[in-house]
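Residue numbers begin at 1 in each chain, while the letters A, B, ... track the order of the sequences. Computed from a predicted structure; not experimentally measured.
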2 protein chains.
Amino acid sequence: MRLTRDHVVAVALDLLDEVGLEHLTMRRLADALDVRNGATYWHFRSKQALLEAMADALLTGLPADLPAGQPWDELAADVARRLRRALLSRRDGARLFSGSFFPLPNALAYGETMVGLLVGAGLDHRSATWATDTLTYYVVAHVTEEQLAAALPDSGKDARNRLDAALDPTEHPHLLAARDDLAAPHPNAHFDYGLSLVLAGIRGELTG
Amino acid sequence: MRLTRDHVVAVALDLLDEVGLEHLTMRRLADALDVRNGATYWHFRSKQALLEAMADALLTGLPADLPAGQPWDELAADVARRLRRALLSRRDGARLFSGSFFPLPNALAYGETMVGLLVGAGLDHRSATWATDTLTYYVVAHVTEEQLAAALPDSGKDARNRLDAALDPTEHPHLLAARDDLAAPHPNAHFDYGLSLVLAGIRGELTG
DNA sequence: ACCTGAACACCGTTCAAGT
DNA sequence: ACCTGAACACCGTTCAAGT
């Protein structure tokens, strides 16, 4: 079968789910595509270019058809949760996304939607843009950590043991007191808490 | 000269400044240390272990001697700015840090300080921990992007041209209006704006 | 136009052997 | 105990040659 850019991206995303970002190599991808090693370089000028196409594919249809007549903060929370879901949809999706810093169509559509929402709420363009950056940083960093935690062996038991061993009662009383409030067991509540902090901060920009 | 862990870490950090994270290889490091290729594996069990030691070295002395008698939000802003400065102190410092997810002494000390600050302000342990996560995500993601932007060729001129070419007046009116408010020319103001949003959100947890 | 074959210049890691 | 020498099993990328 003839290769197309879309087919290469689709197979690469499936391979990503299977092996993870650090084992996603051009040679393994060629195997999965049933071609010889250099073939993908006719369709993508570099591995980086392929990764960016994969990242943008992750965001397909992200901010489509928002419900009308909702308050801005519920819409913004909705868009942020959609971004999170998109990044969670593939293994290492957040790291894939944050490695691609160039303007791709779906990422631009996401940004346009969020900035427009905040401008509509009453922020000037600079504040709306910078607040969007803050929201986006938050979502991407949160999902990055979620996916790193998910990749730990033993569902993170070893990591928790290492943390317990490293925590000293006299040096880390507060961290010890929060030992059962780690992010990992409560990913959704943890995400919503931080999101609500940022949205509350933005709300303060409007009334203040 | 005999190798020590500290010497390996120090030379590796200098090499990081020189070549960047993606060209920091065990072979280049061996050259810089004037030893043969496998030698560092006697001191660090893997490249990952070395990178984690480097990441923690970055944070040395981070939250030491905070000024007393200050309001919690100024102290929290101070600690966040110190974290930013520590990550900025070496090329790709933010990516180095976010790649090391295991509990290291200076990272724990930072977390203990920030959680303690927020507990002192009146948050319960869970909220203080989760708010600290939000602040830390923000700082790390912000510096990650700062350092990616700094690594662009032509001081980002090509990237800006690509953005201008990708922006469509009818599809991206808000992004176009914000074209001169990108993060890159105003890194400090951009950082402080997002930080103040998160801190205002935390403040709302106390009075609400 | 699209892909293969084969090479170039690298990687991280291991480990017997040296000192 | 600490390091060398040499190998193993890979990488991304390029490009003449094929079809």
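Partners of B/D73 according to the side-chain contact (heavy atoms from CB on, under 4.5 Å) rule, which considers only residues two or more places apart in sequence or in another chain, are B/P71, B/R203. Shown here are the side-chain contact (heavy atoms from CB on, under 4.5 Å) partners of A/A39, two or more places apart in sequence or in another chain: A/L3, A/V35. With sequence neighbours left out, the side-chain contact (heavy atoms from CB on, under 4.5 Å) criterion links A/D164 to A/R179.
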Starting at the 5' end of DNA chain C, write a dot or bracket for each base, bracketing those in Watson-Crick or G-U wobble pairs whose two distances are under 3.5 Å and using | for partners on another strand.
||.|||||...|||||.||
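Distance noted for atom C1' between D/dC3 and C/dA16: 13 Å (whole Å). Taking atom P in both C/dC10 and D/dA9, the straight-line distance is 22 Å, to the nearest Å. Rounded to a whole angstrom, the distance from the C1' atom of C/dA17 to that of D/dC2 is 13 Å.
Within the structure, the side chain to side chain donor-acceptor pair (under 3.5 Å) test picks out the following pairs touching residues 3-16 of chain A (sequence neighbours left out): A/D14-A/R90. Pairs passing the salt bridge (charged side-chain N to carboxylate O under 4.0 Å, His left out) check and including a residue from residues 142-153 of chain A, sequence neighbours excluded, read A/R84-A/E146. Applying the ring pair (Phe, Tyr, Trp, His ring centres under 6.0 Å) test to pairs two or more places apart or on separate chains, those with a residue in residues 154-182 of chain B are A/H125-B/H174. Among residue pairs with one or both ends in residues 44-53 of chain A, none qualify as salt bridge (charged side-chain N to carboxylate O under 4.0 Å, His left out); sequence neighbours excluded. Residue pairs meeting the ring pair (Phe, Tyr, Trp, His ring centres under 6.0 Å) criterion with at least one member in residues 24-46 of chain B, sequence neighbours excluded, do not occur.
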Which side-chain N or O atoms in residues 20-28 of chain B pair as donor and acceptor under 3.5 Å with protein atoms at least two apart or in another chain?
| from | atom 1 | to | atom 2 | distance (Å) |
| --- | --- | --- | --- | --- |
| B/T25 | OG1 | B/R28 | N | 3.1 |

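By the 30° and 60° cut-offs, the orientation of the rings of B/Y138 relative to A/Y137 is tilted.
Remark: side-chain polar atoms of A/Q48 are paired, donor with acceptor, to backbone N or O of A/G99 under 3.5 angstrom.
What separates NE2 of A/H43 from P of C/dC2 is a distance of 7 Å, to the nearest Å. The interatomic distance linking A/H7 (NE2) with C/dC3 (P) rounds to 11 Å, in whole Å.
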In the 5'-to-3' direction, what one-character label does each nucleotide of nucleotides 4-16 of chain D receive under the scheme B = base within less than 4.0 Å of a protein heavy atom, S = sugar-phosphate only, - = no such atom?
BS-----BBBB--
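Less than 4.0 Å separates DNA chain D from no heavy atom of any residue of residues 14-22 of chain B.
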